Amino acid sequence: QVASNFGGTRNGMVVHWPDGIKSKNEVRSQFHHVIDVAPTIYEATNIPAPKMVNGIEQRPIEGVSMVYS
């Protein structure tokens, strides 16, 4: 894709999760950003995002989970 058409670079992403993704060989057209990866992992593993790391309070995670797809 031409980067200027979408305001940035558009790259495909491949996810392999046999226990979580039921459909096979489908191409999906959702748009997500790299900041959506962490919320996806936290939701898929049922682990809460850390509120404190090495004594430093963390800001809330930005982005949305891709688990719905």
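By convention here, the first residue in the shown sequence is residue 1. Since we're looking at a predicted model, the values are computed, not measured. Only this structure's heavy atoms are used, side chains among them; waters, hydrogens and symmetry mates stay out.
Side chains of V37 and M66 form a contact here, defined as non-hydrogen atoms less than 4.5 Å apart.
E26 CD: more than 12 foreign heavy atoms inside a 6.0 Å radius.
Taking CH2 of W17 as the reference point, atom OG1 of T40 lies at 9.0 Å (rounded to 0.5 Å). In this structure, CD1 in I41 is found 10.5 Å from CD1 in I61, a value given to the nearest 0.5 Å. Interatomic distance, CE of M52 versus CD of E57, reported as 5.5 Å (0.5 Å rounding).
If you run side-chain contact (heavy atoms from CB on, under 4.5 Å) between V64 and each of H33, H32, E43, only H32 comes through.
Nearest approach of P50 to Y42, heavy atoms of both residues: CD-OH, 3.3 Å.
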